[in-house]
> 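Pasting a structure here, questions to come.
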2 protein chains.
Amino acid sequence: MVNKVKFDREKVIKKAGILFWQKGFSATSTRDLQTTVDMRPGSIYAAFGSKEGLYSEALKNYAEQLKTLLATHLSSSASILEGLHSFVQAVLEDSEPGCEICMLIKANAEFDYSQPLLKNLTNDLLQQFECYLTDIFDTAQKQNELATNHAPLEYARLFQIQFTGLRSYMHRSQSNTISNELVNMMFKLIKDF
Amino acid sequence: MVNKVKFDREKVIKKAGILFWQKGFSATSTRDLQTTVDMRPGSIYAAFGSKEGLYSEALKNYAEQLKTLLATHLSSSASILEGLHSFVQAVLEDSEPGCEICMLIKANAEFDYSQPLLKNLTNDLLQQFECYLTDIFDTAQKQNELATNHAPLEYARLFQIQFTGLRSYMHRSQSNTISNELVNMMFKLIKDF
DNA sequence: GTTGTTTTTGAGCACTCGCTCAAGTTAAAA
DNA sequence: TTTTAACTTGAGCGAGTGCTCAAAAACAAC
């Protein structure tokens, strides 16, 4: 190999991802991207093919990071429910301004079938996350942390609906007090489900 | 008055609203709008001032319609909780393709403070809806339909979070069976809250 | 050095964007 | 019928869009 790329691919994806997350796909211009990742159009298009391509990478990276974060909280907690709880709290507390709403949910809201590639990618990633959650609730039941009158998938759905609604709500009214109240409510609902 | 406008203002707002609802604000082009409302740019800009102006009208109209629908279901039901239940069911069943997610929630997700007018409008309308819901749960408590260990505002928040999350979830996996299950879950959660 | 291959650069293309405004059309009033 | 004021039309403006590609720069191998 004669020459190597100068930029750090992962850093570029992350920076672009935050911009896409804040502004959405269609409201983000390629010039916005050029300045935030400090690359000229030619390099971007050589590396990612298109705006859509870069967005895809960013969304996949986001989903991966979210899973990793959840895994970290699970492995450093005494119980699965505690792990989930601290994960939700962490996500809500650490969210940068304009990034309160899950990027996957924002993507799910933004794309219709006029953008099939991004629509399908979003669906796939959300489906994967649901499977991951289902597995988690399955083991929680097997460890007797959770009642078994509902299937793991139903718990996963409740979790997703609450998580989605909660983050959407906190995007509007940012307040740590309300946030903590609502997270506690969420886990009371899950335990009593 | 020498001459009158030829178009039906309300119909135009409604048609434009559906397009905005499906595609979002920034992904909707003025040319899309022109064809769906069958008006030439000059007339649109004379009547609404800007794309933002037309969107504002459409969003206000949407919020108004949602309130009206809820009021209708409340007044034709035996109890408040039944009214809320049939309202949620109706919204989920009657939603046109691409319109599963509440337009207000989509707007809340789309706008940041680089579009202060639309951001503030969205916040105001969501706040108004929350107040409306709070009043409803207040009377539900006074009519002994609901426990009083939580304030009406807390019930309103739970309702919003569930409603938001539920519609987001149904946008992804459209299935009447799952929808009914999740609505029943939602109202079980509210009753047992 | 010089060569050969890869990456980076940025001017700029073809197109679409939100929007304007002069000209044309309409219809109540005179 | 003519006047007059309001409404509608659509060509098209300037700015911004996603993206391309020839030229310049970078660097390992010789």
Side-chain angles (χ1 to χ4, degrees), chain A residues 1-13 15-59 107 110-112 114-119 121, chain B residues 1-59 107 110-119 121:
Chain A
M1 195 174 289
V2 178
N3 209 349
K4 286 183 180 177
V5 292
K6 306 279 178 305
F7 64 91
D8 180 338
R9 197 164 213 274
E10 205 168 331
K11 274 189 185 172
V12 166
I13 290 173
K15 279 188 183 176
I18 291 172
L19 189 67
F20 276 131
W21 190 1
Q22 287 171 330
K23 311 199 70 167
F25 175 75
S26 62
T28 303
S29 73
T30 50
R31 278 165 241 241
D32 275 345
L33 287 167
Q34 284 162 38
T35 56
T36 59
V37 306
D38 192 29
M39 283 172 75
R40 265 34 67 199
S43 297
I44 295 179
Y45 282 83
F48 302 101
S50 64
K51 184 186 167 188
E52 210 178 46
L54 178 50
Y55 184 90
S56 297
E57 292 289 290
L59 195 65
E110 181 167 6
F111 305 123
D112 60 4
S114 65
Q115 270 152 315
L117 206 145
L118 296 180
K119 173 82 182 163
L121 175 65
Chain B
M1 193 173 291
V2 176
N3 211 349
K4 288 184 180 177
V5 293
K6 306 281 180 305
F7 64 90
D8 181 338
R9 197 165 212 275
E10 205 167 331
K11 273 188 185 172
V12 166
I13 289 173
K14 244 165 224 175
K15 279 188 183 174
I18 291 173
L19 189 66
F20 276 131
W21 190 0
Q22 287 172 329
K23 312 199 71 169
F25 176 74
S26 62
T28 304
S29 73
T30 49
R31 280 166 242 241
D32 275 345
L33 287 167
Q34 284 162 38
T35 56
T36 58
V37 306
D38 192 28
M39 282 171 75
R40 265 33 67 199
S43 298
I44 295 178
Y45 281 82
F48 301 102
S50 65
K51 184 186 168 188
E52 208 177 47
L54 178 51
Y55 185 89
S56 296
E57 293 288 292
L59 195 65
E110 181 167 8
F111 304 124
D112 59 4
Y113 284 107
S114 65
Q115 270 152 315
L117 207 143
L118 296 180
K119 173 85 182 160
L121 175 65

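All values derive from a computational prediction rather than experimental measurement. Below, read A as the first sequence line, B as the second, and so on, with proteins coming before strands; counting in each chain starts at 1. All heavy atoms count here, side chains included; hydrogens, waters and symmetry mates do not.
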> Rounded to whole angstroms, how far apart are CD on A/Gln34 and P on C/dT9?
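From A/Gln34 CD to C/dT9 P: 11 Å.
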> Please, which pairs that meet side-chain hydrogen bond (donor to acceptor under 3.5 Å, both in side chains) have at least one residue in residues 42-55 of chain A, sequence neighbours excluded?
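Sorted result for residues 42-55 of chain A: empty, none.
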> Rounding to an integer number of Å, can you tell me how far A/Leu118 CG sits from D/dG18 P?
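Going from CG in A/Leu118 over to P in D/dG18 covers 13 Å.
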> Restricting to non-hydrogen atoms, name the atom on A/Leu33 and the atom on A/Ala16 that form the minimum distance, rounded to 0.1 Å.
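Reported closest heavy-atom pair: CD2-CB, 3.9 Å.
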> To the nearest Å, give me how far apart CG (A/Asp8) and P (C/dT7) are.
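A/Asp8 atom CG is separated from C/dT7 atom P by 16 Å.
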> Could A/Asp112 and A/Lys119 be called an ion pair, given the rule that one side-chain N must be under 4.0 Å from one carboxylate O?
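Salt bridge: no.
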> Between D/dC19 atom C1' and A/Leu54 atom CG, what is the distance in whole Å?
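The distance from CG of A/Leu54 to C1' of D/dC19 comes to 14 Å, rounded to the nearest Å.
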> Compare all side-chain heavy atoms of B/Leu59 with those of B/Phe20 and state whether any distance is below 4.5 angstrom.
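Sidechains of B/Phe20 and B/Leu59: no contact.
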> Check the angle between the aromatic planes of B/Phe25 and B/Phe111 and answer parallel, tilted or perpendicular using the 30° and 60° thresholds.
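Aromatic pair B/Phe25/B/Phe111 classed perpendicular.
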> Return a single string for nucleotides 10-18 of chain C, one symbol per nucleotide in 5' to 3' order, where B is base contact, S is sugar-phosphate-only contact and - is none, cutoff 4.0 angstrom on heavy atoms.
BBB----BB
> Send over the distance from A/Leu33 CG to D/dG18 P, rounded to a whole Å.
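To the nearest whole Å, that distance equals 8 Å.
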> Nearest heavy-atom pair of A/Asp32 and A/Thr35: which atoms, and what distance?
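Minimum heavy-atom separation between A/Asp32 and A/Thr35: O-OG1, 2.9 Å.
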> Please state how far atom CD1 in B/Ile44 lies from atom C1' in C/dT20, giving the value in whole angstrom units.
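Distance, rounded to whole Å: 13 Å.
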